[in-house]
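Worksheet: the structure to be examined is printed underneath.
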Amino acid sequence: MDQHVCTEERINPHVSVDCVVLGFDGEQLKVLLVRQTGQTAGDDYDNNMKLPGSLIYNDEDLDEAAHRVLYELTGIKDLRLIQFRAFGSKNRTKNPKDTKWLEHFYQLNQKVEQIVTIIYLTMVKIDRRLSHLSNKYEACWTGINELCPLAFDHNLIISEALLFIRQYVQTHSSVLFDLLPRKFTAAEMRMLYAKLYNRSFDIRNFHKKIAQMKYVIPLEEFQTDVAHRAARYYKFDRKLYNKLHGMGKSYNEENNENHSI
């Protein structure tokens, strides 16, 4: 994403990575977006928002490129990534405003015609680690239901990522706890499910669902300074989850090896 080092000799103009970074603020499911930066005065193309991404360098592999993109954006090196699919339609670059921006940003002397992009997905807590995002790329959190038309096919990519996650959590439910704070209430967890699946959940039935999750541990801690009845806090026990699911590796070991689905 660094315009000063992305010279034409160093990059592959036909392959890119894009990253869908999902976060949850307790009320909304959000995605991390950046702006198409690097325009000069007089440019006649839109300053659109897009997913964090980059053409890959010739001396790096796909995983390295995705980690580079997110490190430049967040300053964090250890984000766990899931590689979930590729997008390679010839229509990805049909908007001349997008291709003009790309050619200018990467200082390309050739016309961009088709780019295959590999999509990586990560789910994170919107906390202090991710509050100091890069101003260079005008990074911002945007509600899933508040998205404007994005560059390239990035609206479609986000929609497909949500469909994938809804299926993925059926067998890998632990990833949802990457979106919740270390201590959370049943209401926060229910809200997360509601936003992810775009439907409401009955409060009583949802409490029964939590009670069936042996790895969701009720704490002897309650909310303070609230106008309503103080809710109990819960925590996610990752070691117990791994044990109950017969995982031979720890969660971190498993997820540091990027999943290809």
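Side-chain rings of His172 and Tyr168 approach one another, their centers coming within less than 6.0 Å. You'll find the ring centres of Phe236 and Tyr241 inside the 6.0 Å limit.
At distances below 3.5 Å, not a single donor-acceptor pair connects side-chain atoms of Asn155 with backbone N or O atoms of Pro149.
For the residue pair His14 and Gln114, the shortest heavy atom distance occurs at ND1-O, 3.7 Å. Across all their heavy atoms, Tyr193 and Met213 have their closest contact at OH-CE, 3.5 Å. Ile157 approaches Thr117 most closely through the heavy-atom pair CD1-CG2, 4.3 Å.
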Steps toward side chain to side chain contact (heavy atoms under 4.5 Å, CB included) verdict (Phe105, Lys100): CA-CA 9 Å; Phe105 185 83; Lys100 184 177 179 180; over 6 Å; no

Working for side chain to side chain contact (heavy atoms under 4.5 Å, CB included), residues Asp18 and His154: CA-CA 9 Å; Asp18 284 298; His154 291 184; 3.7 Å; yes

Criterion side-chain hydrogen bond (donor to acceptor under 3.5 Å, both in side chains) on Ser173 and Tyr215, from CA distance to verdict: CA-CA 11 Å; Ser173 57; Tyr215 45 85; 3.2 Å; yes

Trace of the side chain to side chain contact (heavy atoms under 4.5 Å, CB included) decision for Leu147 with Leu33: CA-CA 10 Å; Leu147 293 175; Leu33 299 177; 3.9 Å; yes

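A perpendicular orientation is assigned to the rings of Phe201 and Tyr197, their planes being inclined by more than 60° (bins at 30° and 60°).
Identified under the salt bridge (charged side-chain N to carboxylate O under 4.0 Å, His left out) test for residues 192-212, with sequence neighbours left out: none.
Applying the side chain to side chain contact (heavy atoms under 4.5 Å, CB included) rule to Glu64 yields the partners Glu60, Asp61; only residues at least two apart in sequence or on another chain are considered.
Under a hydrophobic clustering in which Ile, Leu, Val, Met, Phe, Trp and Tyr are joined whenever their side-chain heavy atoms come within less than 4.5 Å, directly or via other members, Leu162 and Leu180 fall into the same cluster.
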